[in-house]
Amino acid sequence: MPLHTFTPLIPSHALSHAGGPEIWLKLDALQPCGSFKLRGIGHACETLARQGKKRFVASSGGNAGIAVAYAGRQLSMPVTVVVPQTTTEHARALIRAQGAELIVHGAVWDEANALAQSLLGAEDAFVHPFDDPLLWTGHSTLVDELAAADFKPDAVVLAVGGGGLLAGVVQGLERHGWTDVPVIAAETAGADSLAQSLAQGRRVLLDRITSVATSLGARQVCQRAFDLAQVHPVRSAVVTDAQALDACLRFIDDHRLHVEPACGAALALAYAGAPALQGFKRVLVVACGGTTNTLEQLRTWHAAALRAQA
Ligand SMILES: *Cc1c(COP(=O)(O)O)cnc(C)c1O
């Protein structure tokens, strides 16, 4: 049995507007560790354990680190996660709660990652948050579940950080012969590395991340995601932090699910009846989840974003 779970596919009345597409949700927020990350990371960790690796090392203070910690616990494998000082106490607690060793090192992720790399012994496996074929294969199971339900959407909306989810979903679409199903790639302004890359025709490296959607905060998308966007129909859509946060708060009332602004970016396109969704009959939004924010934090950010707009 894989470590991730088969997630519900439901129509959303709240996100569907009159005259717009019918919105369906793939509720990956219901994965055991709260995000889709477990699909890819679970598959990667199981494969690496079978190959004889004895420990997993990660350097993500976000949902990837939480998923590695969860996978290690399920597989009875030790896990070490190195995170920078910027990682919230809430995320640190979630990693520790899975029994992983947590090392806090460095002011920024690059420093935490450098330490993680230096810890790697011959029997250790480094688990990357988005740039690994094992991850893409795991993420692609999301599309297998759509196919098993005989549900072919007219478009798929998903959030893009480093592009692992995008790469996996496109891999799944191609495997099922759904090469004509466009992917609408949602990002927040300030974390829009894919949007800028597609506009410029090269992989852009952002100077810094200014969005609150830290799970979308890869400064550069992986080569695989960029390459797939050249051969598969991928359209980019960028929302503001305020829109993503607004979507998160509405989603709690509408579907009783608390997700991160990263996921809110995808939901926001549906809530806003965005032009990117017009012309489609049935659109699937991947509710990718995320557990690194508290509700209080969402509310504080939302209030600040509204003040900044005024
Ligand atoms: C990691 C993550 C993303 C972005 O996924 P990538 O594979 O990095 O593009 C989006 N939402 C959530 C909640 C995540 O944890």
Any side-chain heavy-atom pair from [X] and [Y] closer than 4.5 angstrom?
X    : Y    : answer
C288 : L158 : no
L216 : V160 : no
Q171 : R175 : yes
V286 : V156 : yes
M77  : C45  : no
L267 : C248 : no
L3   : L75  : yes
E187 : S193 : yes

Treating [X] as the side-chain partner and [Y] as the backbone partner, does any N or O pair qualify as donor plus acceptor under 3.5 Å?
X    : Y    : answer
R250 : L15  : no
D131 : C222 : no
H90  : T291 : yes
R92  : Q85  : yes
S60  : G65  : yes
H139 : G40  : yes
S197 : V204 : yes
D154 : F280 : no
W109 : P84  : no
T240 : Q243 : yes

Check [X] against [Y] and note the closest heavy-atom contact, atom names and distance.
X    : Y    : answer
S12  : L25  : CB-CD1, 3.7 Å
E145 : T7   : OE1-N, 3.1 Å
S215 : A262 : CB-CB, 3.7 Å
I209 : A218 : CD1-O, 3.9 Å
R224 : A167 : CG-CB, 3.9 Å
L245 : V212 : CD1-CG2, 4.1 Å

Measure the [atom1]-[atom2] distance between [X] and [Y] for me, rounded to the nearest 0.5 Å.
X    : Y    : atom1 : atom2 : answer
H255 : D253 : NE2   : CG    : 11.0 Å
I23  : L269 : CD1   : CG    : 9.0 Å
N63  : F36  : CG    : CZ    : 8.0 Å

Exercise for the section: Decide side chain to side chain contact (heavy atoms under 4.5 Å, CB included) for D132 and H43; before the verdict, give the C-alpha distance in whole Å, the side-chain angles of both, and the deciding distance to 0.1 Å. Expected result: CA-CA 11 Å; D132 182 337; H43 176 65; over 6 Å; no

Practice task
Decide whether L142 and L27 are clustered together by the hydrophobic rule: side chain heavy atoms of Ile, Leu, Val, Met, Phe, Trp, Tyr closer than 4.5 Å, transitively.
Solution key: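 No, separate clusters.
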
Problem - ILVMFWY cluster, V104 and I66 together (side-chain gap under 4.5 Å) - result: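 In one cluster: yes.
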
Exercise for the section: Give the intermediate values and the outcome of side chain to side chain donor-acceptor pair (under 3.5 Å) for residues S16 and E22. Expected result: CA-CA 5 Å; S16 304; E22 191 180 303; over 6 Å; no

Handout entry: Test side chain to side chain contact (heavy atoms under 4.5 Å, CB included) applied to L135 and I41, step by step
Key = CA-CA 6 Å; L135 250 73; I41 285 177; 4.0 Å; yes

Practice task
Would you indicate whether E89, at its atom CD, is surrounded by more than 12 heavy atoms from other residues, nucleotides or ligands within a distance under 6.0 Å?
Solution key: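 Counting neighbours around CD of E89, more than 12 heavy atoms of other residues, nucleotides or ligands fall under 6.0 Å, so yes.
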
Practice task
Assign the ring pair F130 / H128 to parallel, tilted or perpendicular, where the plane angle (0 to 90°) is split at 30° and 60°.
Solution key: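 Judged by the thresholds at 30° and 60°, the geometry between F130 and H128 is perpendicular.
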
Handout entry: Pair L249-H302, side chain to side chain contact (heavy atoms under 4.5 Å, CB included): steps then yes or no
Key = CA-CA 9 Å; L249 293 175; H302 188 239; 3.4 Å; yes

